[in-house]
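For the single chain, residues carry numbers from 1 onward in sequence order. All heavy atoms count here, side chains included; hydrogens, waters and symmetry mates do not.
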Amino acid sequence: MTTETTKEIPEAAAVPPPGAAPAKKVPHGHRRLLTRRDRLTLGLMAGLPTVLHIALVWVTALASIALAFTTWDGIGFDSIQWVGLQNFRELFEQNPQFWPAVQHNVIWFVVLIAIPTPLGLFLAVQLDKKIRFSRVYQTAFFLPVVLSMAVIGFVWQLIYNPDTGLINSLIGANEPGKYIDWIGDPDLNLWAILVAASWRHTGYMMILYLAGLKGVDPSLREASALDGAGEWQTFRNVIFPTLRPTNTVVLVVTIIEALRAFDLVFVFNKGAEGTELLSILVTNNIIGESSRIGYGSAIAVVLLLISLVVIIPYLVATFRKERRA
């Protein structure tokens, strides 16, 4: 009987075919992707803004909260004296300008949410229809938002001028005995400033709502049209409910705008004669002649707490929505 013995032949090394490119060698170990110069550049780009943000925002905010419980004239740190809640008691009980300032901030918010916000929504709906020259209209309405509040204040000062102003010239109130002092009259100046603020706020709201309308699913409009719904019914029952996230942003932005109102009022009459605001009181006490930095910091803390009451629920709702997504 013949027994065949199978011999194991060692596997030959793989030889690349003639004309093929040689295989690249795989580098062993860790390969450094960033040079020392790259790391230094990234460290400066990320570290410098972080240090500035901490120093100019967080440190100053915490220092302001601490100073709210002290008295300090701003000359030397040795003059700082701890007084506890005395500044807040004086603010709530003895300052005749505090509660009118709070009332004016509330009025500022009510006017902004009641007049320019619906007007901005209306303009956004019209521009979303892709009418002719919509880009031109959009730029014209958004132009006041680009301008600084100080520039807007100077422009509206010219409009409200008792002698040569546009309004008094149109209504014939620029003659002796018929002057209307839109800025100096305590019964008119706050509302005159609110008109200028609404002029700017309308363009801001228009852009926010226009961005929200661009995110509406076109199939919703088509389904509503197939069901026989009119334009108003489609907007009320289909489009407006989908703008709930935009409405939340608009509400928060409007509240913040009402609380941070300063530039426009300061340019008009520096917050005097019926235009007091919390931000004006902070500035007058810290930078003004009195230099009551501790007292002004107490007003700033009150303004901060009011802002947090609005901002914290918004952030909580936003984070919850992101977790669900």
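- The distance from the CG atom of N284 to the OG atom of S279 is 9.5 Å, given to the nearest 0.5 Å.
- No side-chain donor from either of N189 and Y160 sits under 3.5 Å from a side-chain acceptor of the other.
- To the nearest 0.5 Å, the span separating CG on L281 from CG on L303 amounts to 10.0 Å.
- The aromatic rings of H53 and W58 sit perpendicular, their planes meeting at an angle over 60°, well past the 30° parallel limit.
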Handout entry: Audit row: T71, W82, side chain to side chain contact (heavy atoms under 4.5 Å, CB included) steps and yes/no
Key = CA-CA 7 Å; T71 58; W82 182 267; over 6 Å; no
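- The heavy-atom pair separating V301 from I65 by the smallest distance is CG2-CA, 3.8 Å.
- When every heavy atom of A101 is checked against every heavy atom of L278, the shortest pair comes out as CB-N, 3.8 Å.
- Hydrophobic clustering keeps I107 apart from L119 (ILVMFWY residues linked when any side-chain heavy atoms are closer than 4.5 Å, directly or through intermediates).
- Ring geometry for F240 versus F235: interplanar angle of 30 to 60°, hence tilted.
- When side chains are defined from C-beta on, T70 does not count as touching Y295, because their heavy atoms never get closer than 4.5 Å.
- Every residue two or more places apart in sequence or in another chain that forms a side chain to side chain contact (heavy atoms under 4.5 Å, CB included) with A261 is listed here: W108, L277.
- In this structure, the side chains of V265 and I280 come closer than 4.5 Å at one or more pairs of heavy atoms.
- Between D38 and T41, the side chains place no donor N or O within less than 3.5 Å of an acceptor N or O (distance only, hydrogens not considered).
- Counting heavy-atom neighbours within 6.0 Å of Y204 OH, excluding the residue itself, gives a total of 12 or less.
- The two residues D73 and S79 come nearest to each other via the heavy atoms OD1-OG, 3.1 Å.
- Under a hydrophobic-cluster definition in which Ile, Leu, Val, Met, Phe, Trp and Tyr are linked whenever side-chain heavy atoms come within less than 4.5 Å, directly or via other members, F142 and L147 are assigned to different clusters.
- Put simply, CD1 on I311 and CG on L259 are 8.5 Å apart, with the number rounded to the nearest 0.5 Å.
- Between the CD1 atom of I159 and the CG atom of L170 there is a distance of 10.0 Å, given to the nearest 0.5 Å.
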Exercise for the section: Dump the intermediate steps for ring pair (Phe, Tyr, Trp, His ring centres under 6.0 Å) on F77 and W72, then the final yes or no. Expected result: CA-CA 8 Å; F77 295 103; W72 186 34; 5.6 Å; yes
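- Each of I256, V250, V249 was checked for a side chain to side chain contact (heavy atoms under 4.5 Å, CB included) with V253, and the lone residue meeting it is V249.
- A single hydrophobic cluster is not seen to contain both I75 and I287; linkage of ILVMFWY side chains at heavy-atom distances under 4.5 Å, directly or through other members, places them apart.
- Taking 4.5 Å as the limit, every side-chain heavy atom of R135 sits out of range of all side-chain heavy atoms of L127.
- L91 and L308 end up in the same hydrophobic cluster when Ile, Leu, Val, Met, Phe, Trp and Tyr side chains are linked at under 4.5 Å.
- The nearest pair of heavy atoms linking N161 to T164 is OD1-N, 3.0 Å.
- Within the structure, every pair that satisfies the salt bridge (charged side-chain N to carboxylate O under 4.0 Å, His left out) test and touches residues 245-274, not counting sequence neighbours, is listed here: R200-E257, E257-R260.
- Each of T246, L243, L208, N247 was evaluated against L121; a single residue qualifies, L243, per the side chain to side chain contact (heavy atoms under 4.5 Å, CB included) test.
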Exercise for the section: Assess whether side chain to side chain contact (heavy atoms under 4.5 Å, CB included) is satisfied between W156 and V195, documenting all intermediate values. Expected result: CA-CA 9 Å; W156 280 89; V195 170; 3.9 Å; yes
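- At a threshold of 4.5 Å between non-hydrogen side-chain atoms, the residues T202 and F141 do not count as touching.
- Under the side chain to side chain donor-acceptor pair (under 3.5 Å) criterion, T275 pairs with N269, sequence neighbours left out.
- The number of heavy atoms from other shown groups lying within 6.0 Å of CZ (F92) is above 12.
- Within the structure, the salt bridge (charged side-chain N to carboxylate O under 4.0 Å, His left out) test picks out the following pairs touching residues 74-99 (sequence neighbours left out): E90-R292.
- In terms of modelled atom types and a separation under 3.5 Å, the side chain of Q157 and the main chain of V267 share a donor-acceptor contact.
- Nearest heavy-atom pair across Q233 and G230 is OE1-N, 3.1 Å.
- Legend: salt bridge (charged side-chain N to carboxylate O under 4.0 Å, His left out) pairs involving residues 206-227, not counting sequence neighbours, sorted by first then second residue: D128-K214, D128-R221.
- Summarising the geometry of W199 relative to P144, their closest heavy-atom pair is CZ2-CG, 3.5 Å, with the distance given to 0.1 Å.
- Of the possible donor and acceptor atoms, none in the side chain of H201 sits under 3.5 Å from a partner among the backbone N and O of A197.
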Practice task
Dump the intermediate steps for side chain to side chain contact (heavy atoms under 4.5 Å, CB included) on Q103 and E276, then the final yes or no.
Solution key: CA-CA 9 Å; Q103 181 182 2; E276 298 86 356; over 6 Å; no
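- Side-chain N or O atoms of T60 include one that pairs as donor or acceptor with a backbone N or O of V57 at under 3.5 Å.
- Put simply, CG on N237 and OG1 on T234 are 8.0 Å apart, with the number rounded to the nearest 0.5 Å.
- Between F88 and F69, the gap from one ring centroid to the other is short of 6.0 Å.
- Using a 4.5 Å heavy-atom threshold, the side chains of T35 and L40 count as separate.
- Listed by chain and residue number, I167, N168, A173, I180, W182 satisfy the side chain to side chain contact (heavy atoms under 4.5 Å, CB included) test with I171 (two or more places apart in sequence, or in another chain).
- Linking Ile, Leu, Val, Met, Phe, Trp and Tyr whenever their side-chain heavy atoms come within less than 4.5 Å leaves L166 and L143 in two separate clusters.
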Practice task
Show your reasoning for whether side chain to side chain contact (heavy atoms under 4.5 Å, CB included) applies to L220 and T242.
Solution key: CA-CA 10 Å; L220 297 177; T242 61; 4.1 Å; yes
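- Crowding of E231 atom CD: a count of heavy atoms from other residues, nucleotides or ligands under 6.0 Å not exceeding 12.
- Atom OG of S297 is separated from atom CG of L304 by 11.5 Å, given to the nearest 0.5 angstrom.
- D185 contributes no side-chain N or O that, together with a main-chain N or O of D181, makes up a donor-acceptor pair within less than 3.5 Å.
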